[in-house]
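Down below is the structure, laid out as structure tokens.
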Amino acid sequence: MSFLVDVYVKCGNMDDARKVFDNLPRRNVVAWTTLIAGYAQNSLPKHGILAFQEMLHAGSYPSAYTLAVVLNACASLYSLKLGDQFHAYIIKYHVEFDTNVGNALCSLYSKCGMLEYALKAFRRIRQKNVVSWTSAVSACGDNGAAVKGLKLFLEMISENIEPNEFTVTSVLSQCCAIQSLEFGTQVRTLCVKFGYESNLHVRNSLLYLYIKNGCIGEAQRLFNGMDDVSLVTWNAMIAGHAQMMELTKDNLSSCEYGSEALKFFSKLNRSGIKPDLYTFSSVLTICSRIMALEQGEQIHAQIIKAGFLSDVIVGTSLVNMYNKCGSIERASKAFLEMSTRTMILWTSMITGFSQHGMSQQALRLFGDMRLTRVKPNAVTFVGVLAACSHAGMLNQALNYFEIMQKRYKITPVMDHYEIMVDMFVRLGRLEQALNCIKKINCAPSESIWSIFIAGCRSHGNMELGFYAAEQLLSLKPKDTETYVLLLNMYHSAGRSEDVSRVRKMMKEKNVGKLKDWSWISIKNKVYSFETTDKTHPESSVICKSLEDLLAKAKSLGYEMLESVEILDEEEGEKTSSPTFYHSEKLAITFGLENLPSSSPVRVVKSTILCRDSHNFIKYVSTLSGREIILRDSKRLHKFVNGKCSCGNFCGFL
DNA sequence: CTAGGGTTAG
């Protein structure tokens with residue numbers, strides 16, 4: 001009669017299963033076990049364990065299978081305590097060599113983070129089946145011992161045990177964890193042999209394998225051949241493209257990967273599968289990188305509808321997206337609407353104000369944060385110090401720098417020193433800046449010297465600049481922008497032998513060319529621009545508009561800085577670089593013409609903005625009456641009515 | 001009984 005219990009169990013109706021069980025004339029082991037397994041299968045492991053205790057109380061002897069079922073209930077509760085308690089029965093009934101019991105023990109120990117015990121339980125099993133092997137292999141993977149897991153898998157193969165879909169899925173994810181494309185590829189061959197390649201789990205694992213190894217093309221090929229997909233598949237493709245954005249040095253392809261990722265997101269929406277919080281945070285981050293505010297807003301609306309706004313991480317991504325897109329108002333609004341505020345959320349908002357040049361608001365918010373007793377970390381202080389630096393609040397900065405170390409026990413890192421140096425430089429205190437650099441107890445970074453050198457140039461202290469340049473060069477810099485800074489400095493000082501020396505170093509170090517790209521996102525499409533010369537055929541229309549703008553700006557008093565900034569031309573070519581046609585100018589011109597007249601223009605630029613461009617854009621913001629938000633490789637510039645939020649101080653001057 | 005994955009600040 002216990003089969004009736006099973007019927008209700010299979011229907012997920014445990015209440016009636018229990019009633020039927022209670023009315024059974026005789027309750028044997030099978031009936032009890034069916035009931036216990038039923039509770040476990042229907043996510044009621046605690047009831048299952050209670051039923052087991054009831055069973056012992058009633059004087060029934062559990063079978064090995066009963067014990068296996070109970071152990072699985074413990075495993076789903078991650079309860080080692082209960083598991084240990086039942087281990088006594090396993091010894092008592094001499095069932096530790098039983099396959100089901102061993103499998104269950106292996107899984108229980110694995111879930112509780114005790115890999116060694118899991119493997120011991122596995123080794124004790126007399127007749128190991130595929131499940132035993134798979135449990136043991138997965139146990140390794142779940143506990144971060146991928147190499148061990150793969151070795152065990154090889155042992156399994158050599159024992160002529162045929163893996164199943166479960167096994168290969170776990171093995172593939174372990175190949176992914178240790179980034180072993182070679183092993184993974186061999187496993188894929190095995191999957192083909194056994195006909196597992198069409199299994200969705202297997203395919204998703206393969207997708208991640210390729211993505212983690214940067215083989216986005218192979219991932220795409222695999223994806224295109226899939227007719228059955230799940231949310232895991234979509235998230236993998238989105239995350240994969242987002243990762244490629246960071247991996248590529250080339251900013252043009254980076255932004256292409258970004259828009260590609262967003263295309264996957266729209267396809268996901270059309271597919272009818274509901275995105276989850278991971279999807280939302282990923283796509284918001286992508287929007288923030290390419291400054292796709294319109295899409296970010298649409299996603300915001302979708303998040304509200306889907307009810308994910310209460311998630312802190314989604315909320316933080318949202319605040320960050322608005323900050324990075326230059327919309328501090330909406331960032332602030334989203335921040336205030338969040339019910340829980342983590343340290344990262346506070347930091348994100350403080351940094352947002354700081355980057356927008358709103359120092360007072362940033363510091364006030366930091367005060368609020370301290371009142372709520374959320375502890376700041378090193379990143380929080382990056383925002384706080386930058387706010388002080390921006391406002392020229394020297395004493396406050398020094399004060400916070402001390403509070404950070406003494407009160408919060410945070411050791412300053414390069415980021416903090418860079419801000420302090422930047423501040424001294426802004427105030428024209430070059431000696432103090434240099435002292436600050438000298439105080440750092442490790443090698444100063446490339447960018448800290450760059451900040452200092454740029455400061456020396458703008459304050460006309462060339463001697464100090466040349467000295468710092470030697471220090472910088474001895475560090476063997478890697479960054480193209482660093483070299484360009486030096487080239488410009490030596491060039492404008494007429495030191496041609498130093499120019500050739502730096503160029504030679506660039507060749508030796510194989511430093512790439514400075515790729516100056518700007519892009520603008522309009523209506524879910526990304527348009528990119530490269531610094532070009534006048535004769536560029538495709539941009540002739542934009543160039544014409546740009547020339548009109550230039551003429552108007554000149555009538556307002558704009559003077560183009562004729563100082564020849566060397567960009568990346570080869571040695572021997574003495575052509576001056578066409579600062580007039582800098583990519584950001586083209587992108588902004590394009591934006592002015594193709595966006596609604598009230599809409600701000602948002603542009604991302606791959607390199608640091610130069611002084612001339614900065615000056616020009618100020619005029620353009622006055623001329624057009626538009627807000628222009630430009631994010632370059634170092635900071636955010638928000639131009640409103642001839643003024644810029646950066647306080648007119650950028651490193652590349 | 002054993003399976004896939006992933007997010008936020010600089």
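Here is how names work: the chains are called A, B, and so on, in the same order as the sequence lines, proteins then strands, and each is numbered from 1. This is a predicted model, so every value here is computed, not measured.
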Original post:
Taking 4.0 angstrom as the limit, do A/Lys128 and A/Glu155 come out as a salt bridge?
Top reply: no
**OP:** With heavy atoms under 4.0 Å as the rule, sort A/Val382 into base, sugar-phosphate or nothing.
**Re:** sugar-phosphate
Original post:
Is any side-chain N of the basic residue among A/Asp368 and A/Arg364 closer than 4.0 Å to the acidic one's carboxylate O?
Top reply: no
Original post:
Rounded to the Å, how far apart are A/Leu318 CG and B/dT8 P?
Top reply: 14 Å
Original post:
Can you name the side chain to side chain contact (heavy atoms under 4.5 Å, CB included) partners of A/Ser281, sequence neighbours left out?
Top reply: A/Ile313, A/Val314, A/Ser317
Original post:
For A/Asn323, which contact category applies under a 4.0 Å heavy-atom criterion: base, sugar-phosphate, or nothing?
Top reply: nothing
Original post:
How are the rings of A/His241 and A/Phe264 set to each other: parallel, tilted or perpendicular (split at 30° and 60°)?
Top reply: tilted
**OP:** Measure from the side chain of A/Thr347, starting at C-beta and using heavy atoms only, and say which of B/dG5, B/dA3, B/dA9 lies closest.
**Re:** B/dA9
Subject >> Contact under 4.0 Å: A/Gln355 side-chain N or O vs B/dA9 OP1/OP2 >> reply: no
Subject >> Side-chain N,O (A/Lys324) to OP1/OP2 (B/dG10) below 4.0 Å >> reply: yes
**OP:** Determine the contact category for A/Gln243: base if any of its heavy atoms lies under 4.0 Å from a base atom, sugar-phosphate if only primed atoms, P, OP1 or OP2 are that close, otherwise nothing.
**Re:** nothing
Subject >> Rounded distance in Å - CG (A/Asp98) to P (B/dC1) >> reply: 15 Å
Original post:
Where the side chain of A/Val232 is defined as all heavy atoms beyond and including C-beta, which of B/dG5, B/dC1, B/dT8 is the nearest nucleotide?
Top reply: B/dG5
**OP:** For A/Asp415, report the nucleic acid contact type (base, sugar-phosphate, nothing); a contact means any heavy atom under 4.0 Å.
**Re:** nothing
**OP:** For A/Ser230, report the nucleic acid contact type (base, sugar-phosphate, nothing); a contact means any heavy atom under 4.0 Å.
**Re:** base
Original post:
Are a donor atom and an acceptor atom from the side chains of A/Ser132 and A/Asn103 found within less than 3.5 Å of each other?
Top reply: yes
Original post:
Using 4.0 Å as the upper bound for N to carboxylate O, is an ion pair formed by A/Lys638 and A/Glu329?
Top reply: yes
**OP:** Look at all strands and tell whether A/Lys212 reaches a base, only sugar-phosphate, or nothing, counting heavy atoms closer than 4.0 Å.
**Re:** sugar-phosphate
Subject >> Minimum-distance nucleotide to A/Ser282 side chain [options: B/dC1, B/dT7, B/dT8] >> reply: B/dT7
Subject >> A/Thr285 vs B/dT8: side-chain N/O to OP1/OP2 distance below 4.0 Å >> reply: yes
Subject >> Nearest to side-chain heavy atoms of A/Tyr208, which nucleotide of B/dT7, B/dG5, B/dC1 >> reply: B/dG5
Original post:
Just by distance, with hydrogens left out, do A/Glu418 and A/Ser447 show a side-chain donor and acceptor under 3.5 Å apart?
Top reply: yes
Original post:
Of the nucleotides B/dT2, B/dT7, B/dA9, which one has an atom closest to the side chain of A/Tyr278?
Top reply: B/dT7
Original post:
Just to confirm, is there a sub-4.0 Å distance from OP1 or OP2 of B/dA9 to any side-chain nitrogen or oxygen of A/Asn320?
Top reply: yes
Original post:
Is it true that the side chains of A/Gln127 and A/Thr99 contain a donor and an acceptor less than 3.5 Å apart?
Top reply: no
**OP:** In whole angstrom, give the distance that lies between atom OH of A/Tyr196 and atom C1' of B/dT2.
**Re:** 13 Å
**OP:** Could you identify which residues of residues 152-175 of chain A place a heavy atom less than 4.0 Å from some atom of DNA chain B, listed by residue number, or say none?
**Re:** A/Asn164, A/Glu165, A/Phe166, A/Thr169, A/Ser173
Original post:
Can you tell me how far C1' of B/dG5 sits from CG of A/Leu222, to the nearest Å?
Top reply: 15 Å
**OP:** Measure from CG on A/Leu277 to C1' on B/dT8 and round the result to the nearest Å.
**Re:** 11 Å
Original post:
In whole angstroms, how far is the P atom of B/dG5 from the CZ atom of A/Phe223?
Top reply: 18 Å
Original post:
What is the distance from CG of A/Leu231 to C1' of B/dG5, rounded to the nearest Å?
Top reply: 9 Å
**OP:** Could you please name the option among B/dC1, B/dA3, B/dT7 that lies closest to any side-chain atom of A/Asn199?
**Re:** B/dA3
**OP:** Pick base, sugar-phosphate or nothing for A/Leu345, based on heavy-atom distances below 4.0 Å to the nucleic acid.
**Re:** nothing
Original post:
With a 4.0 Å cut-off on heavy atoms, is A/Met343 in touch with a base, just the backbone sugar-phosphate, or nothing at all?
Top reply: base
Original post:
Just by distance, with hydrogens left out, do A/Tyr210 and A/Arg188 show a side-chain donor and acceptor under 3.5 Å apart?
Top reply: yes
Original post:
Is there a donor and acceptor pair, one atom on the side chain of A/Ser135 and one on the base of B/dT2, closer than 3.5 Å?
Top reply: no
**OP:** Check every strand shown and say whether A/Ser348 touches a base, only sugar-phosphate, or nothing at a heavy-atom separation below 4.0 Å.
**Re:** sugar-phosphate
**OP:** Using whole Å, report how far CG of A/Leu200 lies from C1' of B/dG5.
**Re:** 12 Å
